[in-house]
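Input: a single structure, listed below in structure tokens.
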Number of protein chains: 2
Amino acid sequence: MATIADVARLAGVSRSTASYALSGKRSISDEVRDRVRAAVSELGYTPNAGARALATSQTRVIGLFAQFLPDEFAPAMLQYMLGVSDTARELGYDILMVTDSDGPAALRRITDSRMVDGVVLLNIAEEDDRLPVLRAAKQPGALVGLPADCTGLDVFDLDFPEAGRLMVSHLAELGHRELVLVSQPRHVVERGGAYVWRLRNAAQEEAERRGVTLHAVHGSSSQPAIGQELSDLLDAHPGATGLLLNNEAAAAALPSVLHARGLNSPEHYSVIGRYSDEFGRTFSLPFSFIESAPDRLGSMAVRQLVRRIESPAGAEEPHVTRLITPELGDRGSTRPPRP
Amino acid sequence: MATIADVARLAGVSRSTASYALSGKRSISDEVRDRVRAAVSELGYTPNAGARALATSQTRVIGLFAQFLPDEFAPAMLQYMLGVSDTARELGYDILMVTDSDGPAALRRITDSRMVDGVVLLNIAEEDDRLPVLRAAKQPGALVGLPADCTGLDVFDLDFPEAGRLMVSHLAELGHRELVLVSQPRHVVERGGAYVWRLRNAAQEEAERRGVTLHAVHGSSSQPAIGQELSDLLDAHPGATGLLLNNEAAAAALPSVLHARGLNSPEHYSVIGRYSDEFGRTFSLPFSFIESAPDRLGSMAVRQLVRRIESPAGAEEPHVTRLITPELGDRGSTRPPRP
DNA sequence: CTGAAAGCGCTTACAG
DNA sequence: CTGAAAGCGCTTACAG
């Protein structure tokens, strides 16, 4: 493999000149620059990443921490990852993907060994045990998901309370008086998935404010189970005319549940889900939905991270917590209830 | 950040002794080893990955190349990735995830810069333009997917021809005389997805050998379209009693298509799909299926790669092409046709 | 059993 | 505008 010494020799210059000619960090005569470039392409020279990292303390690699938990919908996770990965590449960074089950240990290993310039964490829990490690690390960190304590980190998430209010107010204004909200499984909450109760509590409050009845329940995240649960729910609440779904598996199962009962949306039920457009397309879900914007959130996290990595000013800026405003994607699954 | 010089100083030994005490590459007195270990934990020392890579020419990182093409089913891709990632971690390697659309350029960048010790490629095309780059690289490469030319590479794939024969012979032996095989979209083939026609041609031959009629068609990979196509297919071939699905979207759509027509499997149609158990569970598909074993294939690829990376003997072993034998997962969706 | 030194391949002050 | 040299933090022959 060619080194910069080979390039320098072939171009008839010193190693430092070859290096500067390539980095552009000081002015170089056109003639020398051309000779160096010619040598580079003749030798097929690519800088050794380890040597460069050692010299500059920069790896141009971002660590991406994602856990594929059995009770979370894997394809949804993937959307966040691709948002991160695509934006990172666009900004000239590669992605070290970490899926270890022991998050804190893996995080310490990756940051302490200086394999990455910064880190993006997904699956954020309310009290996430990776956060103390991340705060102690020299590298900056960005989270997709809102923990209890955001100090020292940049945080990006959907505004789940606003999503809950939006779902309820939209149906309340159409005249619905009794709604059912199906959330993620209870153990997602127990594991620290705060977005579940953030949406639910806000929905509950909005319902009370508007004098609407809201039945808030947890649903399974696996297919056969959630189908039966949905069916039972419809039986249990015959007066309900609106369904709110903060649970991907429930959204995916609902069409066949309704179908099996000879019902449909919006005729018999107005329905609003919370998932990504991509998810809706994959499962051809006919429901209006609150866009969870995984790719946009992943992209925002990387951009902020890179700003901190690259600019000395950026590194000192106060940390941000940005909650993106939910938007309703209209697929025509809501209308006033039947009289 | 502590360096090995700090550790050596605190332990009162030379840097080389500290290094050897940690690597165990030469014998060290118990007392010195303990002092070094104590210094390491007191300082929280973690070796700098870049420096180590520079000194040893080993990064303990494996490159994972995956493309998320719009017409391939993303969750299925994810299963391969997790198979690779989990096994790599088990063997002490991290994963550099590369999703660039320009595969050859990204591959050259990653290998020439020595960011990785080896590479696993997914989405292999018949004439994959990444393969010449991989063969020219210093690092070993493993493929999940079978290209036209396997020289210089370790290759792992499902035995698709055998899968096709198995599907057909299973239904033929039950007495079915007219089958429909729904494959992936035509442009997957045009892009080089040889597994599509490998399965189809073998199925076709097996059908001829047994005097069974096989209608082989391409289906869409997106949900609303494939549903209509399946429905049209059933109309077009009223005599068909068996459905073979080498198309995830078709498998996911079939239950509701049958349901809408008041039909079910196995009563009206015997059905065999080709997908992973995980996929079947996610979509709660009630069909017997040929396991595509993405996690197993990913794992095999990494193990072989690591063997080549780590043992000088392994590096010289002849390259292998391993096609795993399809197995039928029985979910009771096949039976003899109705008289 | 241990240490002093060279070297991996870069970048970047320092000098001219 | 260019070069000689130091240094990033490791590992590993070489010597004792």
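In what follows, chains are A, B, ... by sequence order, proteins preceding strands, each numbered from 1. Hydrogens, waters and symmetry mates play no part in the numbers below; they use all other heavy atoms, side chains included.
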Any side-chain N or O of A:Tyr45 below 4.0 angstrom from OP1/OP2 of C:dC10? yes
Give a yes or no on whether a salt bridge exists between A:Arg37 and A:Glu42, defined as a side-chain N under 4.0 angstrom from a carboxylate O. no
By nearest-nucleotide position on DNA chain D, the 5'-leaning member of A:Arg15 and B:Ala2 is A:Arg15
Charged N to carboxylate O below 4.0 Å: is that the case for B:Arg191 and B:Glu127? no
So if I take every side-chain heavy atom of A:Val32 and compare against C:dC1, C:dG7, D:dT2, which nucleotide ends up nearest? D:dT2
Distance check needed: C:dC10 P versus A:Arg114 CZ, whole Å only. 21 Å
Would you indicate what A:Thr56 reaches in the nucleic acid, counting non-hydrogen atoms under 4.0 angstrom: base, sugar-phosphate, or nothing? sugar-phosphate
Heavy-atom nearest nucleotide on DNA chain C for B:Leu54 versus B:Ser16: which residue maps closer to 5'? B:Ser16
Does any nucleotide pair with D:dG3 by Watson-Crick or G-U wobble geometry, both distances under 3.5 Å, and what is it? C:dC14
Is there a side-chain contact between B:Ser14 and the phosphate of C:dG3, meaning an N or O under 4.0 Å from OP1 or OP2? yes
Whole-Å distance, B:Arg26 CZ to C:dT2 P, equals 8 Å
Mind checking B:Thr3 for me? I need base, sugar-phosphate or nothing, with any heavy atom below 4.0 Å counting as a touch. sugar-phosphate
Toward the 5' end of DNA chain D, by each residue's nearest nucleotide, B:Ser23 or B:Ala51: B:Ala51
salt_bridge(B:Asp154, B:Arg322) N-O dist < 4.0 Å: no
Indicate whether OP1 or OP2 belonging to C:dT11 is found under 4.0 Å from a side-chain N or O atom of A:Arg52. yes
Just to confirm, is there a sub-4.0 Å distance from OP1 or OP2 of C:dT11 to any side-chain nitrogen or oxygen of A:Ser19? yes
Could you tell me whether a side-chain N or O of B:Asp157 sits under 3.5 Å from a main-chain N or O of B:Leu323, the two making a donor and an acceptor? no
